[in-house]
Amino acid sequence: MLGGYLPFVAALVALLVGVAAGKAWERYKLRDGRWIDRRKARESHHYVLGLNFLVANQTDLAIEELSQAARVDADALEIHLILGNVYRERGQVTRAIQVHQSLLKRQKLTRVEHGYVMLCLGLDFKRGGFVDRAVDAFREVLRLDPANYYALLNLQKLYEEQHQWDEARRIRLELLKLPGPETPARSNAILAFMDTELGLAAARAGQPDVAGRHFKQALELDPTTAPAHVGLGDIRLPQGDVAGAVAAWEKLIDIAPERAYLVFDRLQRAYERAGTPERFADRCRRLVAANPQDWRARLALGQHLAQHGRPAEGLEPLLEALVRNPHGLMVHEAIWDVLVQLGLDGASVQRYVQAAKDAVFYLDPHVCLKCHYRSTELLWQCPHCHEWNTFVEERIAPVKDPVEL
Ligand SMILES: [Zn+2]
């Protein structure tokens, strides 16, 4: 909920700061031959009440009060801007566009005011899914105000959604020049992911050299960019550079061991190809030694040993993986494969059953719909939020409901 309001709150804050800075706003304005005190509209109780309702998320009441305030002074630009923004955040995009577009027709909008209106309009278009018009609106804001952080940020997001990584990257570099909430490290990480996307696109288009340059650039920006390491190995292998591919994937394990499993299959095949399959088992053992909770390395080790004719030896790391991740279906599947390979040896099956029982486990998980409290059984009153009859059975559903027969 809050997330949806953030761009709007940001725009509101920017607007109010602009108002306080004030050059664009004369206090008095001549209307119908009379001087109107412009501050009156903003000081009317409708305006203040409207802002209060806004902060309290009571948008219906906010719209009512702000509409009243707008009637007191039809010229007050910011009230109409805010009113339009509230319509947008409520999902009434057409209404928001109407309100904001009517402001554009006004005579004598200053450059700053024009920029604010276009920014709000761009947000309306973006919310309504009118991508091209949103891009045009944000571009117009930047023509009026080249250092507009919100216009740049929204433009970046739009290009990202369209997978136009080149454009998104260019905008991101513009944003780097402005003071913003992101740390330099975070900014580099974002740029690195964009470079990685450019690399992946080039690899798909059959341009491994271009792809390689993008991956390397990504890793210079942020050496922890896992998919860039994966991609670098993926373009080296088909070029016959097995050692280079292995080096890229091993680097990923060194730099981001928590992502090591992304390259388990690849490394296993590459080591086989190089005639040194035991290097894979070594890798897994080192990962486990460095992080005893690493159930994925134990799973990979167990499967590797079983595939190389050592199922009894492989069962040990698999049972250890089970203790650390009893909900992992992959672990149970791997264990059953090994048990079958062992001819369903009674003692081994018994060990598996006991290990599964001993692991802390929600045997029949139920979850409270109100507060997400979990329980191993159906409860009528939630011990956490004290609501009645809120528990449902928790299960991983198939993506699509099965077709009824
Ligand atoms: Zn609850």
Side-chain angles (χ1 to χ4, degrees), residues 1-13 49-66 85-93 96 123 126-129 157 161 181-182 186 189 226 256 258-259 261-262 291-299 318-336 352-405:
M1 197 64 197
L2 188 65
Y5 278 87
L6 272 183
F8 156 66
V9 172
L12 176 63
V13 169
L49 269 177
L51 289 185
N52 273 313
F53 284 131
L54 254 190
V55 173
N57 257 350
Q58 293 174 281
T59 46
D60 285 343
L61 292 168
I63 283 182
E64 201 170 295
E65 295 299 333
L66 288 171
N85 288 350
V86 179
Y87 281 129
R88 177 183 65 243
E89 293 309 314
R90 275 168 45 125
Q92 293 170 269
V93 176
L123 293 170
K126 184 169 180 249
R127 176 69 178 265
K157 291 290 160 206
E161 281 166 30
E182 272 127 12
R186 176 70 190 150
E258 73 284 0
R259 297 277 184 241
Y261 63 92
L262 292 176
N291 174 20
Q293 292 307 313
D294 191 339
W295 63 272
R296 290 181 189 271
R298 292 177 198 275
L299 171 63
L318 291 179
L319 289 178
E320 289 162 14
L322 172 74
V323 172
R324 283 160 182 90
N325 182 15
H327 278 111
L329 205 52
M330 285 188 291
V331 179
H332 291 276
E333 277 180 355
I335 292 176
W336 277 114
Y352 163 61
V353 171
Q354 198 55 47
K357 268 189 186 158
D358 290 346
V360 182
F361 220 140
Y362 292 106
L363 263 185
D364 184 12
H366 285 69
V367 63
C368 170
L369 282 176
K370 188 145 179 267
C371 73
H372 303 288
Y373 180 89
R374 294 175 90 205
S375 147
T376 49
E377 57 179 341
L378 176 63
L379 300 176
W380 297 115
Q381 187 178 23
C382 177
H384 185 253
C385 70
H386 308 290
E387 205 51 67
W388 287 99
N389 204 16
T390 51
F391 276 82
V392 293
E393 169 190 312
E394 186 184 46
R395 60 177 164 179
I396 300 167
V399 178
K400 273 184 169 176
D401 283 335
V403 181
E404 281 195 37
L405 297 174

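Atoms within a ligand are numbered from 1 in the order they appear, just like the ligands themselves. From a predicted model like this one, the values you see are computed outputs, not experimental measurements.
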Chemist: Judged by atom type as modelled, is there a donor-acceptor pair below 3.5 Å linking the side chain of His332 to the main-chain atoms of Pro326?
Modeler: yes
Chemist: Aromatic rings Tyr373 and His384: how do their planes relate, parallel, tilted or perpendicular, breaks at 30° and 60°?
Modeler: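 The rings of Tyr373 and His384 lie parallel, inter-plane angle below 30°.
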Chemist: Kindly write out the residues that satisfy salt bridge (charged side-chain N to carboxylate O under 4.0 Å, His left out) with Glu65, not counting sequence neighbours, or none if the list is empty.
Modeler: none
Chemist: Side chains of Leu123 and Arg88: does their closest heavy-atom pair fall under 4.5 Å?
Modeler: yes
Chemist: Quick one: does Arg298's side chain have a donor or acceptor within less than 3.5 Å of a partner on Pro292's backbone?
Modeler: yes
Chemist: Drop me the distance from Asn52's CG to Leu61's CG, to the nearest 0.5 angstrom.
Modeler: 11.5 Å
Chemist: Could you give me a count of protein N/O/S atoms that are under 2.8 Å from the Zn ion (ligand 1)?
Modeler: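 N, O or S atoms of the protein closer than 2.8 Å: 4.
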